[in-house]
Amino acid sequence: MSHPPSVTEIEQHGVERIPDAERTARPIDLFRLAFGGANTFATCVLGAFPILFGLSFWQGLAATVLGLVTGALILAPLAVFGPVNGTNNAVSSSAHLGVHGRVVGSFLSLLTAIAFFSISVWSSGDALIGGAHRLAGLPESGFSYGLAYALFAGLVLAVCVYGFRFMLLVNKVAVAAASVLFVLGVFAFAGDFDPSYPGVFASTADPAFWPSFIGAALIVLSNPVSFGAFLGDWSRYIPAATPRTRVMGAAFLAQLATLLPFFFGLATASIIATKAAEYVDPAAPNYVGGLLAVSPTWYFLPVCLIALIGGMSTGTTALYGTGLDFSSVFPRFSRVQATMFIGVLSIGFIFLGRFALNLTQSISTFATLIITCTAPWMVIMMLGYVTRRGWYDPEALQVFNRRQRGGRYWFTHGWNWRGMSAWLLAAVVAILSVNVPGQFVGPLGGLAGGVDISLPLGLAIAAVLYLVLLAAFPEPRGVYGPDGPRLVRASDAEVAPVEGPGAAVAEARA
């Protein structure tokens with residue numbers, strides 16, 4: 001096994017399979033990246049939503065734990081595809097959606113990355129400018145906010161261009177530093193924190209309570225689920241022989257560890273609701289402004305450091321994966337070129353959303369819509385892994401990226417209609433069933449008396465329909481390993497030969 005390259009060496013790998021000799025990462029590195037990407041100010045903002053939804057502190061904590069554990073359980077299995085195939089999860093999804101159908105994962109990762117990159121830049125920039133205003137009297141003008149966003153986004157883009165090793169270094173620092181600063185917040189707010197904060201509901205019998213509770217849990221759940229399309233970006237550097245339980249355990253524990261920033265957001269939001277209620281007005285919530293308003297003066301600098309360090313971590317983990325995946329959808333772009341293109345596009349979106357469209361009030365809606373589309377895709381990936389007994393052909397997964405045709409995962413003109421149909425129907429029904437009071441209520445949002453059941457409905461439909469389709473319309477025996485399928489049967493249909501550039505080499509490797 002070779003030594004890892006220098007952190008200042010620009011990564012050249014795209015989504016092609018990482019050579020075994022260069023797989024020097026460990027599960028602890030996956031933990032650092034996943035935890036570092038969520039141990040941030042943006043997660044604190046999401047952690048404040050239970051209070052914004054009117055829950056008490058203890059009700060909000062219950063919703064947070066429910067959403068976090070559920071999301072971590074859904075997410076963890078998605079970590080194994082990287083070590084198995086040496087590529088990202090969107091490319092790995094070719095095995096279940098077809099070599100063309102893998103664009104679904106690419107599209108989901110693009111939306112997720114832009115959303116969470118924007119949230120991190122907005123929240124971090126607002127905290128930096130707000131803290132500087134309180135400390136040094138810096139004007140809170142559009143120019144100062146714009147300058148903060150541009151500088152911050154530029155730093156994130158630079159780290160992403162250097163690639164995996166530099167990003168890993170940033171997250172090693174971020175995990176420790178941000179955690180210490182959050183713990184320091186215990187001393188900053190100990191005198192103001194009251195766990196008996198009652199919320200706005202007189203009892204759980206209130207008709208609006210359960211929709212608010214489930215809505216808050218879904219906001220929290222969106223954070224771990226948002227990593228589903230990205231885990232392979234980082235775990236692909238882990239050796240294939242690493243036990244699957246260790247890889248999944250690292251991903252699961254990384255999300256459980258984010259209880260720290262979620263708790264920080266929840267606790268400080270309850271303080272804001274008590275001491276500066278105008279900042280948690282549902283019509284115009286401003287968590288960052290409220291946090292600065294209730295913070296002691298000596299804690300302004302730690303808040304700014306959390307914003308800077310944590311925002312760098314979230315931004316890099318989101319943007320790196322999207323640039324990597326974009327280079328696979330458009331193979332003429334190198335990873336660096338694709339990262340620059342997506343970075344500039346995202347920065348433009350950040351300015352448009354912050355200064356023209358006021359999208360910050362729609363974070364909860366966007367996060368909910370992301371998980372309603374991503375969770376069914378994740379279920380299909382998991383069930384596909386189970387039915388394939390974890391066996392894949394890494395060379396056949398690269399057909400699309402090499403501009404080839406055919407191979408084990410070509411199915412019907414590059415589309416596996418079984419997986420595509422299950423995902424599409426589940427995602428559509430889930431979106432129609434979304435119920436985010438006051439923001440987005442789908443035509444089927446009233447099915448459960450106002451409670452948002454979009455996630456369990458989408459998960460159930462995807463799981464049942466995918467297995468039914470696999471049983472009724474068996475996939476070719478060639479997509480399964482030497483031990484054959486599990487739970488379903490295979491057909492004797494022939495696998496189309498690989499055609500196109502380098503086809504003979506690919507067939508020889510397979």
Side-chain angles (χ1 to χ4, degrees), residues 1-7 9 11-39 72-95 105 109 159-160 162-172 174-175 224 226-257 313 316-318 320-325 328 335 378 381-382 384-386 388-395 397-398 481:
M1 184 176 294
S2 63
H3 293 289
S6 169
V7 296
E9 179 181 336
E11 180 186 5
Q12 299 301 319
H13 288 302
V15 294
E16 70 275 8
R17 186 176 185 274
I18 301 299
D20 292 338
E22 297 185 35
R23 295 205 196 183
T24 56
R26 300 168 297 163
I28 187 62
D29 295 320
L30 176 62
F31 174 90
R32 290 191 184 107
L33 285 166
F35 179 39
N39 190 36
L73 288 172
I74 295 173
L75 173 71
L78 271 293
V80 303
F81 291 94
V84 170
N85 296 321
T87 188
N88 71 347
N89 282 358
V91 173
S92 291
S93 73
S94 301
S109 67
V159 173
C160 292
Y162 274 102
F164 176 79
R165 297 294 168 188
F166 204 154
M167 186 174 65
L168 182 57
L169 175 63
V170 168
N171 278 272
K172 284 181 179 179
V175 166
S226 70
F227 285 88
F230 299 125
L231 281 186
D233 302 340
W234 317 320
S235 63
R236 67 196 182 120
Y237 278 95
I238 297 175
T242 305
R244 304 289 178 262
T245 53
R246 290 186 59 198
V247 177
M248 289 191 293
F252 180 77
L253 292 176
Q255 296 306 315
L256 290 191
S313 186
T316 53
T317 51
Y320 169 81
T322 305
L324 176 68
D325 200 57
S328 71
R335 186 198 64 81
M378 294 168 69
M381 290 284 285
M382 287 182 243
Y385 182 91
V386 172
R388 305 284 175 83
R389 300 180 187 272
W391 186 90
Y392 294 88
D393 181 352
E395 292 298 323
L397 292 173
Q398 298 290 336

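This one's a predicted model, so the numbers in the text were calculated from it and none came from an experiment. All heavy atoms count here, side chains included; hydrogens, waters and symmetry mates do not.
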Look up atom [atom1] in [X] and atom [atom2] in [Y], then write down how far apart they are to the nearest 0.5 Å.
X	Y	atom1	atom2	answer
L253	F35	CG	CZ	11.0 Å
R26	S235	CZ	OG	15.5 Å
Y392	Y385	OH	OH	7.0 Å
N39	R32	CG	CZ	13.5 Å

Please give me the minimum heavy-atom distance between [X] and [Y], naming the atom from each residue.
X	Y	value
A90	G105	CB-C, 4.0 Å
A254	A34	CB-CB, 3.6 Å
T24	A21	CG2-O, 4.2 Å
V80	M248	CG1-CG, 3.5 Å
A257	F31	CB-CZ, 4.2 Å
A251	A76	CB-CA, 4.1 Å

Below 4.5 Å, heavy atoms only, C-beta onward: do [X] and [Y] meet side chain to side chain?
X	Y	answer
D29	Y237	no
T87	S92	yes
Q255	L75	yes

Between I18, L30, I238, T242, which is the residue that forms a side-chain contact (heavy atoms from CB on, under 4.5 Å) with P83?
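The single option meeting the side-chain contact (heavy atoms from CB on, under 4.5 Å) with P83 is I238.
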Requested in this report: Given side chain to side chain contact (heavy atoms under 4.5 Å, CB included), test V84 with R244 step by step and report yes or no.
Outcome: CA-CA 9 Å; V84 170; R244 304 289 178 262; 3.3 Å; yes
Going through the distances and angles, do R17 and L397 end up as a side chain to side chain contact (heavy atoms under 4.5 Å, CB included)? CA-CA 9 Å; R17 186 176 185 274; L397 292 173; over 6 Å; no
Any donor-acceptor pair under 3.5 Å from N89 side chain to G228 backbone =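 Yes: the side chain of N89 pairs with the backbone of G228.
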Requested in this report: Test R236 against N85 for side chain to side chain contact (heavy atoms under 4.5 Å, CB included), laying out the working first.
Outcome: CA-CA 7 Å; R236 67 196 182 120; N85 296 321; over 6 Å; no
